[in-house]
Amino acid sequence: MTKEQWVTDLAQSVNPANIKLDESLQQYTMTKLGGKADVFVLVETEDEAATVIRYANMNNIPLLMLGNGSNMVVRDGGHRGIVVTFSLLDEIHINGDHVYAQSGALIKDVSKLAATASLTGFEFACGIPGSIGGAMAMNAGAYGGEIKDIIISSKVLTREGDILILSKEELELGYRQSIIAKKGYYVLSSEFQLAKGVQEEIDAKIADLTLQRESKQPLEYPSAGSVFKRPPGHFAGKLIQDSGLQGKGVGDAEVSTKHAGFIVNKGNATATDYIATIDMVQRVVKEKFGIDLETEVKIVGDDL
């Protein structure tokens, strides 16, 4: 079956205007890297999402879920299969101290909307650039808070396109891990439990966290965010800094001089450059400190 046939088949159930052939993925990733997807699908409803996932599964077509592209590096060969994004599934609702958000909603938007409703508990996410779906899959966290602190449940699709409602316990949320990532589930929506707070205190906390982020992170360049997980008993950025790697890299990919835990695209980096820089950092830190740095970012797709 050809990729042209995939387009024809999917157009029976998905808005044809949202199905693209040989689409460059650079515009959909925060690193501005990556090759082309054979077929790119932007779904508008949960039914469309389930249709695309079932179709790919039934026809053994490799399927890549792309959220906000903030924690992912797509190789230069792109993706030989279907790439689907839920970015239009972005509704956010507040009911009392409960917040409901669809997969494609940006986590920072959910955090800010909660804050305007005087709800506390989501401030930690005010600067996280990912989507709710991606945040659920990796149990996103920052500044002492994480998703598992506030989650009630998530509605997900299995690889077969079946819907499951998973409780907090069933989500098995740990440090940058979840049952969603382990099983390859696709998040449709999530519900969070917050608490009524003092508006001035919430605003002050968000302002403080925003200042910390803007002063310490290299937001002026494209990047995948924090590249490595925190090794037990250490901080990845400190190990990289102490290895003398800031400002070094391959091609136009560089270990940030502002925050050693970030690798930035200075302008014309390729995904191959970016991944080679990750490899270099891992090798040098291992040589100097005997510590294996594990990537937090997902590296996906095919080589050229």
Side-chain angles (χ1 to χ4, degrees), residues 43 45-46 49-50 65-72 85-158 163-210 212-213 225-226 296:
V43 299
T45 67
E46 292 185 355
M65 175 71 194
L66 188 64
N68 193 43
S70 59
N71 196 50
M72 178 179 287
T85 180
F86 293 179
S87 59
L88 292 183
L89 303 180
D90 61 355
E91 292 183 9
I92 307 169
H93 300 298
I94 295 177
N95 183 13
D97 56 8
H98 284 207
V99 176
Y100 162 91
Q102 285 188 299
S103 174
L106 297 182
I107 187 171
K108 62 182 180 182
D109 290 345
V110 181
S111 172
K112 289 171 184 174
L113 191 62
T116 62
S118 300
L119 294 176
T120 185
F122 224 135
E123 295 94 331
F124 73 89
C126 64
I128 295 176
S131 64
I132 286 293
M136 288 303 312
M138 68 176 293
N139 184 31
Y143 302 110
E146 53 188 345
I147 288 293
K148 76 177 183 64
D149 299 333
I150 55 175
I151 189 65
I152 296 174
S153 64
S154 279
K155 178 162 66 168
V156 304
L157 286 166
T158 68
I163 290 179
L164 301 176
I165 306 293
L166 301 178
S167 67
K168 177 177 181 175
E169 292 73 24
E170 290 170 326
L171 285 164
E172 298 181 15
L173 299 172
Y175 178 61
R176 302 298 178 264
Q177 63 183 2
S178 68
I179 194 69
I180 294 164
K182 290 176 187 173
K183 297 283 191 180
Y185 294 153
Y186 304 90
V187 178
L188 289 173
S189 62
S190 295
E191 186 175 2
F192 303 93
Q193 171 76 66
L194 302 181
K196 276 294 181 182
V198 178
Q199 190 66 56
E200 292 79 7
E201 294 177 359
I202 294 169
D203 292 344
K205 186 170 184 179
I206 286 179
D208 176 58
L209 295 181
T210 300
Q212 288 189 53
R213 179 172 180 266
S226 182
E296 181 175 309

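Throughout, residue positions are numbered sequentially from 1 according to the sequence presented.
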Spatial distance of atom [atom1] ([X]) from atom [atom2] ([Y]) [nearest 0.5 Å]:
X      : Y      : atom1 : atom2 : answer
Ser70  : Leu106 : OG    : CG    : 8.5 Å
Leu89  : Thr45  : CG    : OG1   : 7.0 Å
Glu169 : Ser153 : CD    : OG    : 10.5 Å
Leu194 : Ser111 : CG    : OG    : 9.0 Å
Met138 : Ile180 : CE    : CD1   : 12.0 Å

Pairs flagged by ring pair (Phe, Tyr, Trp, His ring centres under 6.0 Å) wherever residues 106-130 is involved - sequence neighbours left out: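 Qualifying pairs: Phe122-Phe124, Phe122-Phe192.
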Side chain to side chain donor-acceptor pair (under 3.5 Å) involving [X] - partner list, sequence neighbours excluded:
X      : result
Asp208 : Gln212
Asp203 : Gln199
Ser226 : none
Thr158 : Glu160

Any side-chain heavy atom of [X] sitting closer than 4.5 Å to one from [Y]?
X      : Y      : value
Ile92  : Val99  : yes
Glu46  : Phe86  : no
Ser103 : Leu188 : no
Ile165 : Lys155 : yes
Ile107 : Ile147 : yes
Tyr185 : Met65  : no
Thr120 : Glu201 : no

Cut-off 3.5 Å, side chains only: do Gln177 and Asn139 have a donor facing an acceptor?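 Per modelled atom types, Gln177 and Asn139 side chains form no pair under 3.5 Å.
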For the residue pair Val110 and Ala101, what are the closest heavy atoms and their distance?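 Answer, listing the atom of Val110 first, then Ala101: CG2-CB, 3.8 Å.
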Ignoring hydrogens, what is the shortest heavy-atom contact between Ser178 and Ala137? Give both atom names and the distance.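 Closest pair (atom of Ser178, atom of Ala137, distance): OG-O, 2.6 Å.
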Mind jotting down which residue pairs meet the salt bridge (Lys or Arg N to Asp or Glu O under 4.0 Å) criterion with at least one end in residues 106-123? Sequence neighbours excluded, please.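 The answer is none; no pair qualifies.
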Restricting to side chain to side chain contact (heavy atoms under 4.5 Å, CB included), what partner residues turn up for [X], sequence neighbours left out?
X      : answer
Ser154 : Met136, Ile151, Val156, Leu171, Ser190
Ala142 : Ile128
Ala117 : Ile94, Leu119

Check for a donor-acceptor pair, side chain of Asn68 on one end and backbone N or O of Pro129 on the other, with a separation under 3.5 Å.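 Checked: pair present.
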Spell out, as yes or no, whether a donor-acceptor pair under 3.5 Å connects the side chain of Thr210 to the backbone of Ile206.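 Here the side-chain-to-backbone pair exists.
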Using salt bridge (charged side-chain N to carboxylate O under 4.0 Å, His left out) as the criterion, list what pairs up with Glu191, not counting sequence neighbours.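 Result, salt bridge (charged side-chain N to carboxylate O under 4.0 Å, His left out) vs Glu191: none returned.
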With sequence neighbours left out, write down each residue that passes salt bridge (charged side-chain N to carboxylate O under 4.0 Å, His left out) with Glu91, or none if nothing qualifies.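 By the salt bridge (charged side-chain N to carboxylate O under 4.0 Å, His left out) rule, Glu91 matches no residue at all.
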Could you pull out all residues at least two apart from His93 that satisfy ring pair (Phe, Tyr, Trp, His ring centres under 6.0 Å)?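 Per chain and number, His93 pairs via ring pair (Phe, Tyr, Trp, His ring centres under 6.0 Å) with Tyr100.
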Report, as yes or no, whether the 6.0 Å neighbourhood of atom NZ on Lys196 holds more than 12 heavy atoms from other residues, nucleotides or ligands.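 More than 12 within 6.0 Å, yes.
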Side chain to side chain contact (heavy atoms under 4.5 Å, CB included) between Tyr175 and Glu296, intermediate numbers included: CA-CA 10 Å; Tyr175 178 61; Glu296 181 175 309; 4.2 Å; yes
I'd like to know whether Ile163 forms a side chain to side chain contact (heavy atoms under 4.5 Å, CB included) with Leu157, so could you lay out the CA-CA distance, the side-chain angles of the two residues, the decisive distance to 0.1 Å, and finally the verdict. CA-CA 5 Å; Ile163 290 179; Leu157 286 166; 3.6 Å; yes
In sequence, state the C-alpha distance, the side-chain angles, and the governing distance for Ile179 and Glu170, and then conclude on side chain to side chain contact (heavy atoms under 4.5 Å, CB included). CA-CA 7 Å; Ile179 194 69; Glu170 290 170 326; 5.9 Å; no
